[in-house]
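These numbers were taken from a predicted model, which means no experiment stands behind them. Letters A, B, ... mirror the listed sequences (proteins, then strands); counts begin at 1.
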Protein chains: 2
Amino acid sequence: MARVRISDVAAAAGVSTSTVSLVLNDRATRISQETRERVREAAAAVGYTPNPIARGLRTQRTRTIGLVSDEIATTPFAGRMLAGAQDAARENAHLLFLVDTGADRAVEQEAIRALVDQQVDAIIYACMWHRVVEPPAGLPPRSVFLDCRPASGGHPAVVPDELAGGRSAVRELVAAGHRRIAWVDVEEQDPPVASELRHRGYLDVLDEAGIVPDPAWHVRGVGSAAGGRGAAERLLDLPADRRPTAFFCFNDRMAAGVYVAARHRGLEIPRDISVVGYDDQQLVAGEVDPPLTTIALPHEEMGRWAVEVALGVREAPEPDPTHLMPCPMVHRDSVSSPPAAAANSGRRRA
Amino acid sequence: MARVRISDVAAAAGVSTSTVSLVLNDRATRISQETRERVREAAAAVGYTPNPIARGLRTQRTRTIGLVSDEIATTPFAGRMLAGAQDAARENAHLLFLVDTGADRAVEQEAIRALVDQQVDAIIYACMWHRVVEPPAGLPPRSVFLDCRPASGGHPAVVPDELAGGRSAVRELVAAGHRRIAWVDVEEQDPPVASELRHRGYLDVLDEAGIVPDPAWHVRGVGSAAGGRGAAERLLDLPADRRPTAFFCFNDRMAAGVYVAARHRGLEIPRDISVVGYDDQQLVAGEVDPPLTTIALPHEEMGRWAVEVALGVREAPEPDPTHLMPCPMVHRDSVSSPPAAAANSGRRRA
DNA sequence: AGACTGCAGTCAATCGATTTACCACGCCGT
DNA sequence: ACGGCGTGGTAAATCGATTGACTGCAGTCT
C-alpha cells in the first residue's frame with residue numbers, strides 16, 4: 001500500500017494541503033477550532049505521518065544528528081556512550097547517524113562531508129578516550145565534542161572530571177587510613193590527558209593529608225592486566241617501610257593485574273593491600289575477586305549531554321563551553337584499612 | 001557559503017540541469033563525450049555534491065539503512081557488530097541510522113515506523129544475544145536479522161554457528177587427551193538457543209569419541225564469573241574418578257569463574273585442568289592468567305554480512321535464508337593434556 | 001456608499017534533484 | 001519536396017511537504 005500523503009488528509013478533511021500542514025504543525029493561528037479538529041481526525045483516520053524527506057527538503061532541518069566516532073569497536077565503553085546519545089536523540093524526536101571512522105582521518109573527513117550533505121542538524125564528534133583533538137575541517141557550527149576537547153576551543157565539549165575522580169579515589173584510601181599510596185600509571189598515552197589529571201588529583205589529596213609522596217610510588221605500565229601486574233611487582237619489591245599499602249590504578253584492567261601480583265605473593269585483598277581502579281568496566285571490576293572499588297567514567301551521561309547541547313535543549317557552560325562530568329565512586333570490596341603494622345607509618349611532612 | 005546546487009554546475013558548464021544530472025548519474029546515453037567532460041569538470045570545479053535529501057525525495061531511495069538493536073549498552077559485543085555493519089555500509093556509500101530500543105517493544109515499533117518514514121533502503125534488526133524473535137510489525141521487505149532469527153522465517157538472517165562452535169571446543173579438548181569433559185552451562189537463557197546448540201555440539205563430539213557423558217558433568221549457573229565458580233565447585237567435588245579434567249564453559253566469564261574455583265583448590269591451569277570458553281571477550285579471555293582458549297563469536301563478520309545482504313551486494317542462501325557464521329577457535333594457554341593419572345580413565349561406552 | 005478590518009482559508013512558489021517526453025537540426029532516400 | 005530518422009540536448013513534471021502572499025466575505029466605521 002502506498003504511503004499516505006498530506007493530500008490524502010486534505011481530501012479526507014475537505015480542506016487544502018496548506019491547511020493540513022498549518023494545523024499539524026501548530027502554526028494554525030488563522031484556522032478555526034472546528035477545522036483543526038476535523039483535520040486532526042482525518043489525519044489520524046488515514047494514518048498520516050509526514051514524509052521527513054520532503055519536509056527536510058523544504059525546511060532544511062532533518063531531525064537527524066550525526067555521531068562521528070574514532071572507534072566504537074575496540075572499546076567496551078562505546079555502548080554506554082552511544083546509548084546515552086541515542087536515548088537523548090530519541091527523546092527529542094531525532095534519529096542518529098552513526099559513523100565509525102576507525103581513527104582514519106580521511107574516512108573522518110569523508111564522513112563529515114556526507115553528514116553535512118545529509119543536512120544533519122548537528123554533529124557529535126566522539127572519542128573513545130579522553131583527549132585533546134585537532135578538530136576536523138567542515139564541522140558545522142552545531143557540533144559538540146564528546147569525551148574529547150578541541151585544541152582550538154570554539155565548540156561545546158564534555159569530558160570526564162578526571163581531576164575530581166583522581167581525588168575521590170585517593171581520598172577514599174586516605175580515609176581508610178592508608179598513608180603509603182601508589183599511583184599505578186599508564187605509559188604512553190598520547191596525549192596523556194586523563195593520566196595527568198588523575199595524577200594531579202592524587203598529588204592534591206596526598207598534600208591535603210600531609211603525606212609526602214615517595215617518588216617510587218609512581219610506576220607505569222601498559223594499560224592492561226599484564227602492565228598492572230608488572231608495575232605492582234616493582235612496588236611490592238620495595239622495602240617494607242616504603243612498600244605501599246594501597247594502589248590507585250589508572251584503569252580496572254591494571255587493577256586486575258595488581259590482584260594477580262598480590263596473589264602471587266600470598267597477599268590478600270583487601271586485608272593486606274587495598275586497590276582502587278578507574279573506568280568501572282563491568283566485565284572487570286564487577287567480576288574480579290573481590291569485586292573492585294573503582295571510579296566510574298560517566299559515559300552514558302556524557303553521551304546524553306552532548307546530544308542535548310547539540311539540539312539546544314541544554315545550555316553549554318560559559319565562557320568555557322567545556323563541561324566536566326563528575327566521575328562517581330563505585331564502592332565494592334577492594335578497600336579496607338591497612339594492616340595494623342603499616343598504619344600510621346607513612347612518611348610525614350617535615 | 002551557500003551549498004552548491006546542480007544549477008550552479010549547469011551554469012558553469014553552459015548546459016541544462018537535466019544534462020548535468022544525466023551525466024553525473026551515468027545515464028547519459030544521448031550526451032556527447034565532449035559535453036560529458038565539460039560537465040564533469042564544471043562539477044569538480046565548483047565542488048558539487050548532490051543533495052541527498054532532494055535526490056531521496058525524487059528517487060525514493062535514500063542510501064541510508066537503519067539498524068535497530070535491542071540493546072547496545074549492556075554488552076561489550078555491540079562494538080564489533082556495529083563496526084562490521086558500519087564498515088559495510090560505508091563501503092557501499094550508505095549511512096547508518098542506529099536505534100537502541102532498550103528491548104522495549106513500544107520503542108522498537110516507534111523506531112521502525114520512524115525509519116520507514118525516513119525511507120531507509122533497508123533495516124537490520126539486531127539482537128545482542130543469539131535468539132529466536134517474534135518479528136516486529138511494519139518491517140520492510142528489505143530487512144535482515146542479525147544475531148537472531150525470525151520465528152516465522154521469511155527474512156534473511158545471520159547467526160553464529162553455535163553447533164559447530166561447540167564441536168570445535170570439545171574436539172580441542174578430546175584431541176588433547178581429555179575424556180572427562182564438563183559442560184558448564186548457563187541457566188535460564190530465554191530462549192536457550194545458543195546454550196542448546198553448543199550442548200548438542202558437545203554431545204556430538206563425545207559420541208564421536210566414544211565417550212559416554214556422565215550426567216553430573218552437565219552443570220548450570222548464572223552467566224557470570226560467580227556462576228561459573230559455583231558450577232565448577234560442584235564439579236570439583238565429584239569423586240576423583242568422575243571428576244572432569246576439562247571444562248567447556250558457556251562463556252568466558254563463567255570460565256573465569258572456573259579459574260577462581262580451581263585456584264582455591266590449588267589446581268593449576270592448564271596443568272591440572274583445561275578450560276575452554278566461548279565469546280572471546282577481549283577483556284576477559286585475553287586478560288585472565290593464563291590467557292583463555294575460547295571460541296570467538298564472529299560479531300564483526302555477522303554485522304557486515306547483514307548489511308551486505310540488505311543492500312543486495314551479497315546473496316542470502318536458498319531456500320533457508322539463514323546464514324550460519326563460523327565461530328573460529330582462539331588458541332591461548334588454558335588447554336593441555338590431562339594429568340597422567342587421569343588420562344584414559346574416562347568411562348568407555350559399553 | 002466606499003474604505004477598512006478581521007477572519008478563514010487557499011494558491012502557488014519553493015526546496016534540489018531526476019526523468020519522461022519532446023524539440024531542433026541535419027541528412028538521407030525516394 | 002517531403003517524410004523519416006538519428007543526434008544531442010532541453011523543458012517541464014514530479015517527489016511531498018512548507019509558507020508567504022493573496023482572496024472572498026461579512027461586518028464596521030465614517
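- Looking at B:D70 and B:R131, a side-chain N of the basic residue comes within less than 4.0 Å of a carboxylate O on the acidic one, giving a salt bridge.
- Legend: residues meeting ring pair (Phe, Tyr, Trp, His ring centres under 6.0 Å) with A:Y125, ordered by chain and number and at least two apart, are A:F145.
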Summary of protein contacts for nucleotides 10-19 of chain C, nucleotide by nucleotide, where a base hit scores B, a sugar-phosphate-only hit scores S (4.0 Å, heavy atoms): BBBBBBBBBB
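- Near DNA chain D, meaning a heavy atom under 4.0 Å away, there are no residues from residues 32-43 of chain A.
- Contacts classified as salt bridge (charged side-chain N to carboxylate O under 4.0 Å, His left out) and involving residues 44-58 of chain B (residues at least two apart or in different chains) are not found.
- Inter-axis angle, ends of the helix from C:dA1-D:dT30 to C:dT30-D:dA1, five pairs per end, rounded to 10 degrees: 80°.
- At a threshold of 4.0 Å, the pair A:E301-A:R304 does not count as salt-bridged, since none of the basic side-chain nitrogens sits closer than that to a carboxylate oxygen.
- Side chains of A:S21 and A:S18: a donor-acceptor N/O pair is absent below 3.5 angstrom, by distance only.
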Chi angles and distances behind the side chain to side chain contact (heavy atoms under 4.5 Å, CB included) call for A:D147, A:M302: CA-CA 7 Å; A:D147 207 8; A:M302 293 197 299; 3.9 Å; yes
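- Taken to the nearest 0.5 Å, the CG atom of A:D121 stands 11.5 Å off from the CG atom of A:L115.
- Here A:R105 pairs with A:E108 in a salt bridge; the nearest charged N to carboxylate O distance falls below 4.0 Å.
- Within the structure, ring pair (Phe, Tyr, Trp, His ring centres under 6.0 Å) pairs that include any residue of residues 82-112 of chain A comprise A:F97-B:F97 (at least two apart or interchain).
- Remark: A:D117 engages B:R3 in a salt bridge, criterion side-chain N to carboxylate O under 4.0 Å.
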